[in-house]
**Student:** 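Once you've had a glance at the structure underneath, I'll fire off some questions.
If you read the sequence from its start, that first residue is 1, and numbering goes on from there. Whatever order the structure lists ligands and atoms in, that order sets their numbers, starting from 1.
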Amino acid sequence: MTRSISIFGATGSIGQSTLDLVRRDRDAYRVVALTGGRNVAQLAADAREFGAELAVTSFEDCLPALREALGGTGIAVAGGTQALIEAADRPADWTMSAIVGAAGLAPGFHALRHGRTLALANKESLVTAGPLLMAEARAHGARILPVDSEHSAVFQALVGEDMAAVERIIITASGGALRDWPLDRLAEATLADAGAHPNWDMGQRITIDSASMFNKALELIETKEFFGVAPDRIEAVIHPQSIVHALVGFRDGALMAHLGAPDMRHAIGYALHWPDRRALPVERVDLAKLAMLEFRAPDMARFPALRLAREVMAAGGGAGAVFNAAKEVALDLFIAGRIRFTDMAPLVEATLDAMSREIRLTDAMDGLETVLETDHLTRIRAQDLGLSMQEQTA
Ligand code: NAD
Ligand code: MG
């Protein structure tokens with residue numbers, strides 16, 4: 001039986017890895033919608049190869065190019081944010097949410113309304129709107145399967161277990177590109193320095209977030225929201241080899257760990273085939289060759305993002321949406337060369353402070369609109385604060 005699938009963010013790192021798995025068993029799937037951004041050539045090539053019903057670019061100005069590239073194929077084309085939502089409104093048995101950033105939020109919500117399966121790579125959805133997203137899934141009888149490698153690992157370690165017996169969840173972090181840099185040099189780190197991940201091959205934004213540990217900060221919040229565990233039961237540990245992705249600790253003291261090569265096709269494949277476990281084209285771990293797996297506590301002075309994540313988890317409500325939006329702006333400013341690597345966390349913290357004076361951060365978000373509004377207001381505030389930070393350091 002063929003399964004219908006849609007992939008949001010098909011042209012990105014996760015999207016391409018997903019298509020790689022689909023390509024290996026081409027006849028098992030019917031591709032409904034593929035979406036991308038400015039990489040129209042990739043989107044068009046994939047839409048042709050997989051015979052998608054619909055190809056959507058999130059940027060309206062890219063639509064003419066997409067239309068031209070797919071002319072005569074019978075593949076429907078569309079462009080813009082609303083078109084993404086319409087694509088999500090087309091039912092598919094399995095939908096991959098792999099747009100980067102808060103832009104991935106609305107399509108995921110819409111996809112859940114069909115009551116089928118949402119494979120969730122877009123961690124920002126849980127960070128900004130966790131309780132709403134989980135409630136939306138419940139309301140429609142839909143299933144969310146985690147695709148972030150740590151969360152997929154936890155999910156797998158929990159199979160057959162009782163959540164009441166879970167004492168703690170430990171997610172691992174490679175430490176990113178700057179893990180071993182002297183602290184006093186971090187301010188000089190360039191985009192190229194921060195963008196060279198030691199173990200994983202990922203999109204640019206998440207790679208820099210790994211170096212700043214903002215990625216792990218988002219993942220701590222993601223763990224709280226998805227698994228419903230108290231923040232003080234969630235830990236992050238540095239593990240330079242990226243072989244153990246997460247561990248679940250039970251009340252008898254046992255730890256169940258998930259090990260695997262650092263290849264996102266593990267987590268994507270698990271979500272694609274769940275509840276089956278099928279063969280995947282990933283490297284096998286050779287423990288004897290590895291010889292050693294290291295773990296150490298993260299240095300909180302080096303990684304202020306982790307402290308901020310704790311504050312965000314304690315606050316709940318809109319704090320996650322503010323945190324994520326401020327982080328996205330800080331990252332944009334760093335990528336644009338306007339603030340330093342070490343300015344990102346202070347900017348996020350200053351934005352959280354400023355926003356907490358404007359709105360009651362701890363109030364629960366009452367709907368997707370409120371989340372998007374909070375996201376929008378935060379971006380304006382963070383831009384202002386970031387630009388004044390730039391003037392001070394210039
Ligand atoms: P990427 O930058 O490689 O790809 C992002 C995709 O989103 C592209 O298709 C791009 O066209 C699209 N996109 C970008 N901006 C958009 C916008 N404003 N509106 C609509 N579409 C837009 O990113 P990625 O590394 O594949 O990450 C995707 C998501 O998965 C992120 O949330 C990331 O945190 C998460 N994730 C990624 C990895 C990884 O290994 N890459 C691992 C875990 C989680
Ligand atoms: Mg991860």
**Student:** Give the residue and atom name of whichever protein heavy atom lies nearest to atom 43 (C) of ligand 1, and the separation in Å to one decimal.
**Tutor:**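 Closest protein heavy atom to atom 43 (C) of ligand 1: Asp148 OD1, 3.0 Å.
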**Student:** For atom 1 (P) of ligand 1, tell me which residue out of Gly12, Ser210, Cys62 has the closest non-hydrogen atom.
**Tutor:**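 Residue with the shortest heavy-atom distance to the ligand atom: Gly12.
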**Student:** Which residue holds the protein heavy atom closest to atom 5 (C) of ligand 1, what is that atom called, and what is the gap in Å?
**Tutor:** Val100 CG1, 3.7 Å
**Student:** I want to know if ligand 1 touches Ala103 in the polar sense, i.e. an N/O pair below 3.5 angstrom.
**Tutor:** no
**Student:** Between OE2 of Glu219 and OE1 of Glu150, what angle is found at the Mg ion (ligand 2), rounded to 10 degrees?
**Tutor:** 100°
**Student:** Considering only heavy atoms of Ala98, which atoms of ligand 1 have at least one such atom less than 4.0 Å away?
**Tutor:** 5 (C), 6 (C), 7 (O), 28 (C)
**Student:** Check if Lys123 has a non-hydrogen atom at a distance under 4.0 Å from any atom of ligand 1.
**Tutor:** yes
**Student:** Quick one: does Gly15 get an N or O within less than 3.5 Å of an N or O on ligand 1?
**Tutor:** no
**Student:** Consider ligand 1: state whether an atom of it lies below 4.0 angstrom from any non-hydrogen atom of Gly36.
**Tutor:**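 Yes; Gly36 lies near enough to ligand 1 that a heavy-atom distance drops under 4.0 Å.
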**Student:** Do any N/O atoms on Glu124 end up under 3.5 angstrom from N/O atoms on ligand 1?
**Tutor:**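 Indeed, backbone or side chain, Glu124 has an N or O that close.
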**Student:** Just say parallel, tilted or perpendicular for the rings of Phe214 and Phe323, cut-offs at 30° and 60°.
**Tutor:** tilted
**Student:** Would you mind listing which atoms of ligand 1 come within a distance below 4.0 Å of any non-hydrogen atom of Leu84?
**Tutor:**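 So the answer, numbered in order with elements, is 20 (C).
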**Student:** Can you figure out which of Ser13, Ala10, Gly104 has its heavy atom closest to atom 3 (O) of ligand 1?
**Tutor:**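 Heavy atom nearest to atom 3 (O) of ligand 1 belongs to Ser13.
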**Student:** Backbone, side chain, both or neither: what part of Met202 comes under 4.0 angstrom of ligand 1, heavy atoms only?
**Tutor:**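 The part of Met202 near ligand 1 is both the backbone and the side chain.
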**Student:** What about Thr35: any of its N or O atoms under 3.5 Å from an N or O on ligand 1?
**Tutor:**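 Thr35 vs ligand 1: no N/O contact under 3.5 Å.
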**Student:** May I ask you to check whether Gly101 has an N/O atom sitting below 3.5 Å from an N/O atom of ligand 1?
**Tutor:**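 For ligand 1, there is no N or O atom that lies under 3.5 Å from one belonging to Gly101.
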**Student:** Using a strict 4.0 Å cut-off to heavy atoms of Asn122, name the atoms of ligand 1 that fall inside it.
**Tutor:** 32 (O)
**Student:** Quick check: His245 with Trp200 (ring centres under 6.0 Å apart)?
**Tutor:**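 Distance test on ring centres: under 6.0 Å, yes.
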**Student:** Considering only non-hydrogen protein atoms, determine which one is nearest to atom 33 (C) of ligand 1 and report residue, atom name and distance to 0.1 Å.
**Tutor:** Ile206 CD1, 4.0 Å
**Student:** Give a yes/no verdict on whether any heavy atom in Ile99 is under 4.0 Å from an atom of ligand 1.
**Tutor:**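 Per 4.0 Å heavy-atom rule, Ile99 contacts ligand 1.
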